[in-house]
Structures are given as structure tokens and as C-alpha cells.
Amino acid sequence: MMNPMKNALLALGLTLSMALTLSAGSALAEGVKLPERDWSFNGMFGTFDRGSQQRGFQVYKEVCASCHSLRLLAYRNLAGIGMSADQIKAVAAEFEVTDGPNAEGAMYTRPARPSDRFAAPFANDNAARTANNGALPPDLSLMAKARKGGADYLHALLTGYKEAPPEGVTLSEGMQYNTYFAGNQIAMAAPFADSAVEYADGTKATKDQIATDISTFLAWAAEPELEERKRLGIKVLLFLIVLTAMLYAVKRQVWKDLH
Amino acid sequence: MSNKFFENPVIKWVEYRLPIFSFIDESVGSGYPTPKNLNYWWNFGSLAGIVLTILIVTGIVLAMSYTPHVDYAFESVERIMRDVNYGWLLRYIHMNGGSMFFILVYIHMFRGMYYGSYKEPRELLWIIGVFIVLAMMATAFMGYVLPWGQMSFWGATVITNLFSAVPIIGDSIVTWLWGGFSIDNPTLNRFFSFHYLLPFVIFALVFVHLWALHVHKSNNPLGVDIKGPEDTIPFHPYYTIKDLYGLGILMIFFMFFVFFAPNFFGEPDNYIKADPLVTPPHIVPEWYFLPFYAILRAVPDIWFISAKLGGVIAMFGSILILILLPWLDRSPVRSARFRPIYRQLFWVFVVDCFILGWVGANSPDAVFHGIPFLWIGQASTAYYFAHFLFIIPLVSILEKPKMPPESINAAVTNKGAAS
């Protein structure tokens with residue numbers, strides 16, 4: 001007879017391995033392995049690299065935002081990337097939002113406030129499709145959670161464009177070849193090259209750096225609670241480990257006279 | 001039950017009118033005699049009960065901020081994640097709690113199968129358990145639809161469409177289930193309503209399950225009946241503290257996922273809002289349904305029964321067949337410890353269930369080292385049913401079991417003397 005704890009661990013192991021057999025994500029090209037990157041927010045103690053997040057926001061604003069919305073975020077959420085209340089107010093004020101109706105019943109536009117959601121580049125999906133050759137640029141709020149591989153996938157996709165498709169592959173009209181995109185044909189043109197943005201903090205804007213920063217920013221946008229979650233998680237686990245050790249000691253004590 | 005410790009006059013007053021204190025004592029207190037040789041596999045029932053309670057409590061709070069409407073459901077879940085105080089924590093506990101519940105209940109069921117806990121006189125206890133599993137599956141399925149992501153929508157489409165396999169009235173049933181001609185707002189609304197209701201049905205079934213349990217008491221690793229007081233120890237403090245220790249271990253495991261891998265059991269596609277016009281290339285259910293999904297897809301057209309109808313019958317049959325288990329197994333010996341052949345076949349069955357889960361996660365057209373998953377699924381489905389319909393009855397008749405010990409006490413003291 002195996003001892004029960006060993007059995008229990010075996011069972012847990014089996015359960016986990018079963019869960020791990022879940023199929024690969026749907027939006028990844030078949031048979032391609034994502035390069036795994038060492039993100040600042042990986043691991044049990046991971047936190048977002050503030051500089052990278054802020055540079056990533058700059059990339060979103062200057063590059064992505066011309067086509068992609070970020071509708072689940074409000075300007076006030078930018079406190080999460082380390083921006084002050086005044087900075088947030090200033091960023092919000094750069095955008096116009098529609099409000100109303102006013103006392104006369106008319107809709108009007110006004111500068112955005114921190115409580116407003118991020119202004120979208122297009123009025124609706126149809127407008128977005130019309131402006132983009134029929135393709136709909138997806139909202140990016142949850143992109144890092146909605147693709148297998150998360151930030152690894154985003155980085156790989158953004159740097160995975162090929163000038164010309166491999167031999168034997170013909171691209172449809174207006175499509176680009178991307179190693180990591182499902183089906184390899186993507187409507188989005190390669191969004192940036194080296195030095196596509198000029199970073200305020202002097203960081204050299206290589207293509208890889210830009211991809212890293214925007215991926216970090218989008219990982220935060222999808223999981224703004226990540227830092228608080230991990231911080232609380234460490235405390236909860238430490239508490240539970242101590243509590244469980246004490247419960248085990250009490251269990252031994254209570255059962256002592258039986259053994 | 002004597003009122004030995006009811007010294008307190010208030011408790012005495014209540015007890016005289018409503019004997020709730022002796023009821024508690026006889027259920028989970030010192031008045032409930034429990035076999036003294038239960039191992040850690042006997043922790044899983046009470047742990048499942050605790051996780052059910054956690055699910056109900058977090059679910060009630062989540063419902064306060066959730067909007068069951070196709071236009072707002074997805075956004076309201078994200079509002080919970082982003083704007084409700086500790087909403088992310090509540091949702092991740094609820095999400096992962098569902099997975100924990102299934103892990104615990106599956107282990108609990110396998111434990112019952114290994115130690116013959118379903119056998120006379122515990123057949124009804126076992127059957128009530130099967131109904132609990134069915135209710136859990138319905139609840140989990142409808143709960144998964146509520147966030148209105150891509151997998152919510154398309155999972156619901158696949159599963160509700162199964163009912164169209166019913167001859168003649170199938171399509172009418174589907175329309176009736178949907179409350180319209182496609183999965184839409186009425187469907188989401190009724191799923192929310194049932195998802196709120198069914199956990200309380202489960203709770204009531206758990207009560208009946210415990211009621212039946214307390215009549216003949218727990219089975220035990222030896223599978224021999226309790227012969228006298230020397231075989232038992234009071235539930236409290238011995239098993240209350242043992243269950244609490246087990247709860248500590250479970251919570252470490254559970255909270256690790258909640259805080260550090262909250263989406264481990266989920267599908268990324270469910271963070272894309274449901275779109276009836278875009279079918280995901282790969283529709284997979286939650287992990288706990290994968291073995292049944294494999295069975296559903298394994299059945300080919302047989303004579304006049306379409307593959308769809310056959311699959312549906314096989315899928316529901318794979319759970320309902322458990323009801324017959326107490327009568328399929330003819331062996332007078334309960335515990336697999338004394339059944340050398342059944343013990344090995346039990347583990348083969350466990351492996352078969354894992355293979356079914358693995359097949360369920362893969363497309364039937366996919367191949368594994370040249371073998372189509374469809375074949376693996378068909379072979380393991382055939383084995384699943386053969387285990388119940390042929391292997392268990394035959395082994396239980398042909399196998400020569402070892403002699404179980406005279407009593408729990410005799411076995412325990414012998415072991416003590418030997419070591």
C-alpha cells in the first residue's frame with residue numbers, strides 16, 4: 001500500500017497533466033513555437049516594469065490607437081502605470097468625447113476627463129472596416145489574455161512579419177505574411193519599424209524594444225490587478241502554509257492516543 | 001443521545017423544543033461514530049462540501065454586479081474584474097472553485113469505486129451522488145455561458161444542439177431550450193436563472209446524501225462493516241481536525257491557482273466577446289467535460305441511429321451507467337485491497353478516463369504518431385463501457401478475493417503489533 005500523501009500527490013499530478021493537455025490556442029499558427037521571453041511580470045513576485053509600461057502607452061497612443069480601441073480602460077486607470085493625477089488629466093484632455101444631450105437636447109463634444117473610457121478611433125465597427133480594407137482591427141483591452149501565450153504571442157506577432165511569403169504561399173490582396181498569426185495571413189501591415197517612436201526617456205526605440213514595451217503595456221491593460229493579486233497571493237499562501245502546518249501539529253496531537 | 005454536555009440553560013431550552021444541538025452532534029460531532037481506519041481519501045467528500053459553499057457565497061456576491069444581457073454580460077464581468085472592489089478575487093475564486101469542485105468530486109467518486117463504497121447497503125447514497133454530479137454538470141455548463149465570451153457562446157451552441165438529435169421533436173426541444181431560434185438574450189437569461197437555482201438543489205441533494213450516509217456510516221479502506229464501538233472513533237475531534245488539515249492543503253493548492261495562475265483552467269477565447277458570426281476554429285469545453293466530449297464524438301452512425309443521437313446517448317449513458325454499478329458488481333467484498341484483479345483493472349479504468357480527457361481536448365481529425373484521435377477516442381469509449389458492462393460483472397464473479405479481516409479493530413491492532 002502506498003502512503004496516502006504520496007497517493008494524493010500522484011492524483012494532483014495526474015489532474016494537472018490532464019489540464020495541461022488542453023489544446024493549443026486557436027489564434028496561433030499551427031506547429032509554430034512561441035519564443036518565451038523573460039517578462040518583468042512573470043513569476044510569483046513579478047511586477048510590471050513601469051518604464052516599459054509608460055513607453056508602451058506612448059506606442060499605443062502614437063501607433064496602435066489610430067486603428068485599435070482600448071474600450072475597457074478609462075484614463076483614470078493610467079494611475080496603474082505610474083502616472084500622476086495631473087498627467088492623467090492632461091492625457092485625457094488630448095481627446096474629444098461625445099457627451100449629452102445638453103439642456104437643449106443636443107449632443108456635443110468636450111475634452112475627455114479621467115473618468116471617461118479611452119476614446120475609440122472609429123465610431124463603430126462598420127466605420128472601422130471601411131477604413132481598413134474590410135478588416136476589423138480588434139479591441140486590445142484583453143488581447144494579452146485572449147491569446148494563448150499572452151505577451152509572448154503579442155511580441156512574436158509584432159516582430160514576426162516577413163517581407164515576402166515563403167515559396168509556394170500566395171497572399172490574398174492586401175494581406176501580409178506573419179509567422180505567428182493563425183493561417184499566416186494578416187490584414188494588419190507591420191505596425192512599426194526601428195525608431196518608429198521617439199521615446200521621451202531616451203530609450204533606443206528598436207523594433208524589439210517597441211514590441212516589448214507595447215506588449216508589457218497590453219499585458220497590464222488586460223490584467224491591471226496583476227501586481228495586487230500577486231502581492232496578496234504571497235501573503236495568503238504564507239498564511240495558509242503556517243496555518244496548515246499548525247493544523248497538522250494539532251492533528252498529530254489529537255490522534256496521538258490512537259496510534 | 002444523552003444531554004450530557006448541554007449544561008447551558010439556553011441550549012437546553014432550545015434543545016428541548018428543537019433538538020438541533022444533538023442533531024449537529026450526531027452529524028459532525030462526538031455523537032457520530034466513524035470507522036477509525038479512514039485514510040486521506042476520505043477527506044474529499046467534506047472538502048467538496050466546503051468548496052460548494054465557497055462557490056455559493058462568491059456566486060451570490062458576483063450576481064450583485066453581473067448583468068445577464070447579451071449586450072452587457074461580457075462588459076459587466078470585466079467591470080467586476082476592474083472596478084468592483086476585489087471583484088477579480090471573487091471571480092477568480094468562483095472560476096477556479098468550479099474546477100476544484102470537479103477535481104474533488106472526481107477523486108471522491110474514484111475513491112468510492114476503489115473501496116466499493118457503492119455496495120449494499122449504500123446503493124442509494126451512491127445514486128444520490130450520481131444525481132449530484134449531473135446537477136453539477138448542468139450548473140457548470142450554464143455558469144460557463146454567463147461571461148458571454150466566444151467559448152461561452154459556441155460551447156452553449158454545441159451542447160444545446162445535442163438535443164436536436166432526439167427523433168421527431170428534437171428541433172422543437174432546441175427552440176424551446178433557447179427561447180427563440182438561436183442562442184440569444186432569452187437563453188442567457190434562463191441560464192443565469194438556472195445557474196442561480198441549481199446550486200441550492202445540489203445543496204439539498206448533499207443533505208440527502210449525508211442523511212443516507214449517516215444511516216450506515218462511512219465505508220472504510222477495509223470495506224468491512226462496523227462491528228462494534230471498538231471499531232469506531234467519534235467524528236469530533238478526530239475527523240474534524242483531519243478534515244481541517246486536509247482543507248489547509250486544499251486551500252494552498254486552490255489559492256495558488258487563484259492568485260498565480262487564475263486562467264490556467266480556462267480558454268483564452270473566452271476573453272473574446274461572443275460573436276455569432278465568427279466560429280472559433282476549435283470549440284472545447286471546460287476540462288472537466290473533456291472525457292464526456294470525447295465519448296460524444298466517438299460514436300459513428302450505427303444502423304438507423306445517427307452518430308449525433310448515438311453520441312448523445314453514449315455521453316449521458318456514461319454517467320447514468322454509474323447508477324447500475326451497485327448491481328453490476330457482484331463481488332461480496334467491497335474494498336479493492338482484497339480484490340487483486342479488480343484493483344488493477346480499477347487503475348486501468350482511471351487511465352482510460354484520462355485518455356478520454358486527452359482525446360476530448362484534441363480535434364478528432366488530429367493524429368497522434370500516425371493514429372487518428374478518432375480511433376483512440378473510439379477505443380477508449382468502448383473500453384469505458386466494457387469496464388462497466390463486462391469487466392466488472394465478470395471479474396466480480398470469477399475473481400477469488402482475499403479474505404478481509406474479521407473487523408476494523410482486529411486489522412488495526414494487528415498492524416500495530418506487527419510494526
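Lettering follows sequence order; numbering is per chain, from 1.
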Given a strict heavy-atom distance threshold of 4.5 Å, which part of [X] is in contact with chain B: side chain, backbone, both, or neither?
{"X": "A:R76", "value": "side chain"}
{"X": "A:L226", "value": "neither"}
{"X": "A:L243", "value": "neither"}
{"X": "A:V236", "value": "side chain"}

Return the option, out of B:Y106, B:Y92, B:F256, with the maximum number of heavy-atom pairs under 4.5 Å with chain A.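 Heavy-atom pair counts peak at B:Y92.
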Top residue by heavy-atom pair count (under 4.5 Å) with chain A, among B:M255, B:R79, B:M251, B:E78?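 The answer is B:E78.
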Any donor-acceptor N or O pair under 3.5 Å, side chains B:K36, B:N220: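 There is no such pair between these side chains.
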Is it the side chain or the backbone of [X] that comes within 4.5 Å of chain A heavy atoms, both, or neither?
{"X": "B:F74", "result": "side chain"}
{"X": "B:F110", "result": "neither"}
{"X": "B:L89", "result": "side chain"}

Pair A:E227 + A:R50, salt bridge at N-O below 4.0 Å: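 Yes, this pair counts.
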Test: B:K273 and B:E75 ion pair at under 4.0 Å: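 Counted as a salt bridge, because a side-chain N and a carboxylate O are separated by less than 4.0 Å.
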About how many Å separate CZ of B:R297 and CG of B:N362, when rounded to the nearest 0.5 Å?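 Result: 8.0 Å between the selected atoms.
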B:Y239 side chain reached by B:L38 side chain, heavy atoms, under 4.5 Å: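 Yes, close enough: below the 4.5 Å cut-off.
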Aromatic A:Y153 / basic A:K148 pairing, under 6.0 angstrom, 45° off normal: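 Geometry flag: not set, cation outside 6.0 Å or 45°.
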